[in-house]
Student: 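Sharing a structure with you now.
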Protein chains: 4
Amino acid sequence: MSSFEHTWTVRFSDTDPFGIAHYPRIVDTVHETADIFMQEIDFPFWEISIEHGFGLPLVKMDFEFERPMEAGDDIVISVVPSLGTRSLRFDYVARKDGEVAFTGYETRVCASKDDVSSRDIPDDLRAAIEPYTES
Amino acid sequence: MSSFEHTWTVRFSDTDPFGIAHYPRIVDTVHETADIFMQEIDFPFWEISIEHGFGLPLVKMDFEFERPMEAGDDIVISVVPSLGTRSLRFDYVARKDGEVAFTGYETRVCASKDDVSSRDIPDDLRAAIEPYTES
Amino acid sequence: MSSFEHTWTVRFSDTDPFGIAHYPRIVDTVHETADIFMQEIDFPFWEISIEHGFGLPLVKMDFEFERPMEAGDDIVISVVPSLGTRSLRFDYVARKDGEVAFTGYETRVCASKDDVSSRDIPDDLRAAIEPYTES
Amino acid sequence: MSSFEHTWTVRFSDTDPFGIAHYPRIVDTVHETADIFMQEIDFPFWEISIEHGFGLPLVKMDFEFERPMEAGDDIVISVVPSLGTRSLRFDYVARKDGEVAFTGYETRVCASKDDVSSRDIPDDLRAAIEPYTES
C-alpha cells in the first residue's frame with residue numbers, strides 16, 4: 001500500500017485577526033492537496049478532461065476543525081482515497097505536531113465530458129488509485 | 001420571522017477551465033454570506049471579539065453541490081440560523097433560477113476570548129438571531 | 001460622461017493579524033470591480049471570447065497603497081477606462097470616508113481568440129467604453 | 001551572495017476558462033514567495049511584529065505579465081531584495097522553461113508597531129537581507 005501526504009506551511013496571508021488560519025484558506029489547501037495527489041498518480045485534473053474525456057466534479061464536502069492553525073505551523077495532510085463504481089472519495093486527516101487539526105472528506109463523481117452524465121470510473125484511473133486505498 | 005438572503009454573481013475569476021465555479025470560490029462566498037448576516041444583526045465578526053469578548057470559530061462544515069454555477073449566474077443564498085446552548089448553526093440553500101445549486105451547513109461554537117474555552121451564547125446575540133430562526 | 005463606482009465592504013475573512021486587509025484580497029476586489037464594469041457595459045469577460053472572438057489578458061498592474069483598510073470599511077472604488085488602439089487601461093481610485101486608500105491601474109491587450117496575436121479593439125467595445133473615459 | 005528561488009506549480013484551481021492562471025492567483029503566489037523568503041532569513045512576517053515590534057506593510061506593487069501560465073507549469077520565481085533606509089523592495093522574475101513569464105516588484109515600509117509611523121529598518125533585519133542583495 002502506498003500512502004500520500006502533503007505538508008502545508010500556514011502563511012501570514014492565510015491568517016485572521018486572531019492569528020489563526022481563515023477557514024476558506026484551509027479549503028484552498030485541501031483542494032491543492034487533492035490536486036497534488038492526482039498529479040502524483042499521473043491523472044492531473046488539468047489533463048483528464050483533454051486526454052481521457054471525463055471530469056471529476058465535487059458533489060460533497062464534509063469537514064471538522066479541531067484545533068486552530070497558526071502562521072508558521074507545518075500541517076501534515078494525509079489523503080486516503082476510496083473507489084465507488086461511479087464516484088471517488090478522498091478522506092483527509094491533517095495533523096500539527098502529531099495532533100489532529102482537522103479531518104474530513106470530499107466525494108467526486110465521474111462525469112462524461114460530452115454530456116455531463118455520470119459514468120463508471122475508467123479502469124486505468126481505478127488501477128492508479130488502488131495502491132493508495134486502505135485494504 | 002425575518003429571513004436573510006444574499007445574491008452572489010459568479011465572476012469570471014471564480015471559474016475554471018470548464019467555465020464553472022471553482023469550489024473554493026464557492027466556500028469564499030458562503031463565508032462572505034455569513035459575514036454579511038452577522039453584520040445585518042449588528043454582531044459583525046470583526047466586532048464581537050473586541051466589544052463582546054467572545055469569538056465564533058468554525059468547527060464543522062458540510063456541503064452538497066447539485067448544479068454547476070457559471071460566470072454571470074446570480075445565485076441566491078438563504079441563511080437560516082439555529083441556536084444551541086454553546087453553538088450556532090447556519091443552514092444554507094443556494095438557488096439559481098429557483099433550482100437548488102448547493103445546500104449545506106456550518107456549525108460554530110461560542111468561545112471565550114480569554115481562554116478559548118466554550119461558553120454559553122450571550123443573551124443579546126441570542127435575541128438578535130432568534131427572529132431569523134425557523135419556528 | 002458616465003462614471004462607474006463599486007463599493008467594497010472589507011470582510012473579516014479579508015483581514016490579517018493586524019486587522020487590516022491582506023493585499024491579495026485587495027487585488028481580488030480590483031479584479032471583481034473590473035468584472036462588474038465589463039458586465040455593466042454589456043461586454044462581460046465571460047462572453048467576449050465566445051460571442052466576440054477575442055480576450056483581454058492583463059499585461060500590467062501598478063498599485064500604490066496609502067491607507068490601511070479594516071473589516072467593515074466601505075471602500076468606494078472608481079474606474080476610469082482609457083482606450084488605446086490595441087489596448088485598454090483601467091485607472092482605479094479607492095476611497096474610504098472620502099480619503100484615498102489606494103490608487104493604481106491595469107493594462108489589458110486585445111488578443112484574438114484564435115492565435116492570441118494582438119488585434120485592434122473592436123468598434124462596438126470601443127463605443128461601449130467611450131462614455132466612461134475622461135474627455 | 002545568496003540567492004532565493006521558489007517554484008510554484010500552477011494548479012487546476014488557479015486556472016480560468018482559457019486554461020491559464022487567473023492573475024489574482026499569481027498575486028497570491030507572489031505574496032507566498034515573499035512570505036517564504038522572510039521565513040528563510042529568520043524574520044517571518046508572523047513573528048516580526050510580536051518579537052521585533054515592527055511591521056512591513058506593502059505600499060507599492062508593479063507587475064508585468066509576459067507569458068500565460070497553465071495548470072501543471074512549474075514557475076521558478078526569484079526574489080532579489082534591495083534595502084532603503086526605511087523601506088525594502090523585492091524584485092521578482094518568474095520563469096517558465098527558462099523564459100520570462102512575469103516580472104515586477106513590491107515596496108514595503110518599515111512601520112513601528114505602536115504608532116504605525118515609519119522607522120529605520122533594524123540592523124539585524126538589514127544584516128539578514130544583505131547577503132541576498134545584488135552587489
Side-chain angles (χ1 to χ4, degrees), chain A residues 14-35 44-51 53-70 87 89-90 92 100-109 111-118, chain B residues 14-35 44-51 53-70 87 89-90 92 100-109 111-118:
Chain A
D14 296 320
T15 57
D16 75 5
F18 299 96
I20 66 175
H22 285 294
Y23 88 84
R25 301 292 75 77
I26 301 170
V27 172
D28 281 343
T29 293
V30 167
H31 199 55
E32 188 182 9
T33 303
D35 197 288
F45 283 129
W46 57 83
E47 280 183 8
I48 56 179
S49 160
I50 296 158
E51 299 191 6
F54 65 92
L56 290 169
L58 195 87
V59 292
K60 167 88 177 163
M61 63 185 299
D62 185 328
F63 283 89
E64 294 187 36
F65 303 97
E66 302 191 13
R67 216 171 290 270
M69 289 156 274
E70 300 179 357
S87 69
R89 173 173 157 156
F90 290 157
Y92 299 90
V100 172
F102 68 86
T103 61
Y105 69 92
E106 297 175 329
T107 308
R108 292 170 176 278
V109 290
S112 170
K113 190 193 169 187
D114 298 325
D115 58 1
V116 202
S117 62
S118 72
Chain B
D14 296 320
T15 58
D16 75 4
F18 298 97
I20 66 174
H22 285 294
Y23 89 83
R25 301 292 74 78
I26 300 170
V27 172
D28 281 343
T29 293
V30 167
H31 201 55
E32 188 183 8
T33 303
D35 197 290
F45 282 131
W46 56 83
E47 281 183 6
I48 56 178
S49 162
I50 296 158
E51 299 191 5
F54 66 91
L56 290 168
L58 196 87
V59 293
K60 167 87 176 164
M61 62 185 300
D62 186 329
F63 283 89
E64 294 187 38
F65 304 97
E66 302 190 15
R67 216 171 289 271
M69 288 156 276
E70 298 179 359
S87 69
R89 174 174 157 156
F90 289 156
Y92 299 89
V100 172
F102 67 87
T103 62
Y105 71 91
E106 296 176 330
T107 307
R108 292 170 176 276
V109 290
S112 170
K113 191 194 169 186
D114 298 326
D115 57 0
V116 202
S117 63
S118 72

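Every chain is numbered from 1, with letters handed out A, B, ... down the list of sequences.
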Student: For Asp28(B) versus Pro24(A), what's the shortest heavy-atom pair and its separation?
Tutor: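 Looking at all heavy atoms of both residues, the closest pair is OD1-CB, 3.2 Å.
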
Student: Does a side-chain heavy-atom distance below 4.5 Å link Val59(A) with Glu66(B)?
Tutor: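 The answer is no, as the side chains (C-beta and beyond) never meet within the 4.5 Å cut-off.
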
Student: Can you tell which part of Tyr23(B) gets under 4.5 Å to a heavy atom of chain A, answering side chain, backbone, both or neither?
Tutor: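 Side chain of Tyr23(B) only, per the 4.5 Å heavy-atom cut-off to chain A.
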
Student: Tell me, side chain or backbone of Phe45(B) under 4.5 Å from chain A's heavy atoms, or both, or neither?
Tutor: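 Neither part.
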
Student: Atom CZ in Phe63(B), atom CG in Leu58(A): separation rounded to 0.5 Å?
Tutor: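 Phe63(B) CZ to Leu58(A) CG: 12.0 Å, rounded to 0.5 Å.
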
Student: Glu64(B), Glu106(B), Met61(B): which one forms the most heavy-atom pairs within less than 4.5 Å of chain A?
Tutor: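 That would be Met61(B).
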
Student: What part of Phe18(A) gets closer than 4.5 Å to chain B, counting heavy atoms only: side chain, backbone, both or neither?
Tutor: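 Phe18(A) touches chain B through side-chain heavy atoms alone.
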
Student: Measure Arg67(A) against the heavy atoms of chain B and call it side chain, backbone, both or neither at under 4.5 Å.
Tutor: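 No part of Arg67(A) comes within 4.5 Å of chain B.
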
Student: As an exercise, state the distance from CZ of Arg108(B) to CZ of Phe65(A), rounded to the nearest 0.5 Å.
Tutor: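 It is 10.0 Å, given to the nearest 0.5 Å.
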
